[in-house]
Engineer: 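I am attaching a structure below and will ask some questions about it afterwards.
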Amino acid sequence: MKVAALISGGVDSAVAVHRLKEEGHDIHLFYIRIGMEGDGGDCSAEEDIEMCSLIAARYGLPFDVVTLHDEYWENVMEYALRTVRQGLTPNPDLMCNRIIKFGYFEERWGHEFDKTATGHYASNIMGPDGLNYLGTAVDPVKDQTDFLARITYSQLSHLLFPLGPLPKAEVRRIAAETRMPNAFRKDSQGICFLGKINYNDFLRNHLGERPGAIVELETGRKLGEHKGFWFHTIGQRKGLGLSGGPWYVVKKNVHDNVIYVSNGYDTDKQYGREIHLDEMHWITRDPWPDACSGVEVTFKNRHTPDFSQARLTRLDEGQGGGYLLESERKIQGIAPGQFGVIYDKDRRVCLGSGVITA
């Protein structure tokens, strides 16, 4: 089978290539480059490309660097900045996967191959209806299905996830055993292609600073100042510069540039049980096309190995539309703009996602 393998220079995609080679596929390696120079971004791409070249040489595979700079900034970064300006919390990784990695790349290069493979920790599951579903990975800590929860069915059907059956420890073992040049390279913690850039520096470069008040929600007392509401998100604890904590961001007033905080580890103001979702996207199909009222599901509202149990209900227009998640436990830091990712009750299938609204 002809496979386009997306590699990043990291150990995960390198081991994915190793597994594809063992399976006997005809592989072509691709590195997607986003030019950061002059955009306040990370300029470490050359190091990544050099590592990818070593992997290509190691296995005797063709390797191309392809550029999607303009598409990335016109879509993913514009989405992120637009969302932040509205006082919401974006998730660029979800949009990057749908629009860039499995969108523009597929349209221009990936479609020429039978499949496109990545180093994501996820899996493909064939359902009893004969359709393909996005399945969770064996390793719950590394599972990345929440970052894939906006991809389309056609995109999913063209993807291979060689690392889905492997725990991270096994990936590292394979890399060390086969003497991969990046066997002991640290995992990337950056946002999509932004790499090592500090996220606050990125926001500062594009949105600047605008000092405003930090106010205690319960008393209305001003506790300090922030440098712009866009530097803060609901549920945030660190980086507020306040004494006598812990303090949590629980509300933002975008119009007046005010951040509201509440004190204490167990303050109810940072928790909620109800999450409203708009712009619902089902990856394979709507699991409940006829009725969806109190359906048992699991979900995530941030990247975490933990699932929360809930009941999902589709609301009619008189109730505002969208969907309502009613969690069995209190959820910390429900941030509008982020995504609520919906899984089946057995935590095996990622069904889709919706945008969290206030």
Side-chain angles (χ1 to χ4, degrees), residues 36 39-42 76-95 146 188-192 194-278 300-304 306 308 327 329-340 355-358:
M36 295 288 103
D39 289 300
D42 177 44
V76 179
M77 285 298 95
E78 278 303 312
Y79 145 78
L81 292 172
R82 180 178 68 253
T83 303
V84 168
R85 284 192 193 99
Q86 296 170 347
L88 307 175
T89 303
N91 193 321
D93 289 296
L94 269 80
M95 305 307 287
D146 51 322
S188 171
Q189 300 298 320
I191 297 174
C192 202
L194 289 184
K196 299 173 184 176
I197 185 176
N198 180 282
Y199 186 53
N200 281 347
D201 288 344
F202 167 75
L203 294 178
R204 188 176 292 107
N205 289 338
H206 290 271
L207 300 180
E209 294 184 354
R210 181 185 165 199
I214 300 177
V215 175
E216 184 174 19
L217 182 66
E218 293 83 355
T219 65
R221 180 168 57 106
K222 180 178 177 180
L223 303 176
E225 284 198 346
H226 60 83
K227 295 182 179 180
F229 66 80
W230 44 84
F231 294 113
H232 304 282
T233 187
I234 303 299
Q236 176 184 338
R237 179 166 70 91
K238 297 180 180 180
L240 294 171
L242 302 176
S243 60
W247 294 96
Y248 288 87
V249 176
V250 294
K251 183 180 177 182
K252 292 192 284 186
N253 182 330
V254 175
H255 182 269
D256 296 325
N257 193 30
V258 176
I259 298 294
Y260 292 94
V261 297
S262 189
N263 186 268
Y265 286 108
D266 296 318
T267 172
D268 285 338
K269 298 296 187 299
Q270 62 162 310
Y271 291 96
R273 290 183 184 273
E274 295 188 349
I275 300 176
H276 188 272
L277 303 177
D278 278 341
K300 296 181 182 183
N301 67 311
R302 59 168 54 84
H303 184 56
T304 170
D306 301 318
S308 299
S327 175
R329 65 179 180 89
K330 294 189 292 185
I331 302 298
Q332 191 266 343
I334 301 171
Q338 282 278 31
F339 291 87
V355 180
I356 298 174
T357 61

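Worth saying up front: this structure is predicted, and the values here are computed from it rather than measured.
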Engineer: Which pair of heavy atoms, one from Asn257 and one from Arg210, lies closest together, and at what distance?
Structural biologist: ND2-O, 2.7 Å
Engineer: Under the 3.5 angstrom rule, does the side chain of Lys330 hit a backbone N or O of Tyr271 as a donor-acceptor pair?
Structural biologist: no
Engineer: To the nearest 0.5 angstrom, please state how far the CG atom of Leu88 sits from the CZ atom of Arg82.
Structural biologist: 10.5 Å
Engineer: Do Asp146 and Leu94 have side-chain heavy atoms sitting under 4.5 Å apart?
Structural biologist: no
Engineer: Parallel, tilted or perpendicular, judged at 30° and 60°: which one describes the rings of Phe202 and His206?
Structural biologist: tilted
Engineer: Taking C-beta and beyond as the side chain, do Ile356 and Leu277 meet within less than 4.5 Å on heavy atoms?
Structural biologist: yes
Engineer: Just distance, no hydrogens or angles: give the donor-acceptor pairs under 3.5 Å from side chains in residues 230-246, sequence neighbours left out.
Structural biologist:
unit_1: Trp230; atom_1: NE1; unit_2: Gly208; atom_2: O; d: 3.1
unit_1: His232; atom_1: ND1; unit_2: Gln236; atom_2: OE1; d: 3.4
unit_1: His232; atom_1: ND1; unit_2: Gln236; atom_2: NE2; d: 3.1
unit_1: Thr233; atom_1: OG1; unit_2: Thr89; atom_2: OG1; d: 2.4
unit_1: Gln236; atom_1: OE1; unit_2: Thr233; atom_2: N; d: 3.1
unit_1: Gln236; atom_1: NE2; unit_2: Lys238; atom_2: O; d: 2.8

Engineer: Which heavy atom of Gly228 sits nearest a heavy atom of His226, and at what distance?
Structural biologist: N-ND1, 2.9 Å
Engineer: I need the Lys300 NZ to Ile331 CD1 distance, nearest 0.5 Å.
Structural biologist: 12.5 Å
Engineer: What's the shortest heavy-atom distance between Gln86 and Val254, and which atoms?
Structural biologist: O-CG2, 3.6 Å
Engineer: Could you tell me which non-hydrogen atom of Ser262 sits nearest to which non-hydrogen atom of Glu218, and how far apart they are?
Structural biologist: OG-OE2, 2.5 Å
Engineer: I'd like to check the side-chain hydrogen bond (donor to acceptor under 3.5 Å, both in side chains) partners of Asp256; sequence neighbours left out, ordered by chain and number.
Structural biologist: Asn253
Engineer: To the closest 0.5 Å, what do you measure between CZ (Phe339) and CZ (Arg302)?
Structural biologist: 15.0 Å
Engineer: Indicate the atoms forming the closest heavy-atom contact of Asn301 with Gln332, along with that distance.
Structural biologist: ND2-O, 3.9 Å
Engineer: Roughly how far apart are Met95 CE and Asn91 CG, rounded to 0.5 Å?
Structural biologist: 9.5 Å
Engineer: To the nearest 0.5 Å, tell me how far Thr357 OG1 sits from Ile275 CD1.
Structural biologist: 10.0 Å
Engineer: Find out whether Trp247 and Ile214 are in side-chain contact, i.e. whether some heavy atom of one side chain is under 4.5 Å from a heavy atom of the other.
Structural biologist: no
Engineer: Over all heavy atoms of both residues, which pair between Thr83 and Tyr79 is shortest? Give the atoms and the distance, please.
Structural biologist: OG1-O, 2.7 Å
Engineer: Run the numbers on Leu203 and Leu81 for side-chain contact (heavy atoms from CB on, under 4.5 Å), then give the verdict.
Structural biologist: CA-CA 8 Å; Leu203 294 178; Leu81 292 172; 4.2 Å; yes
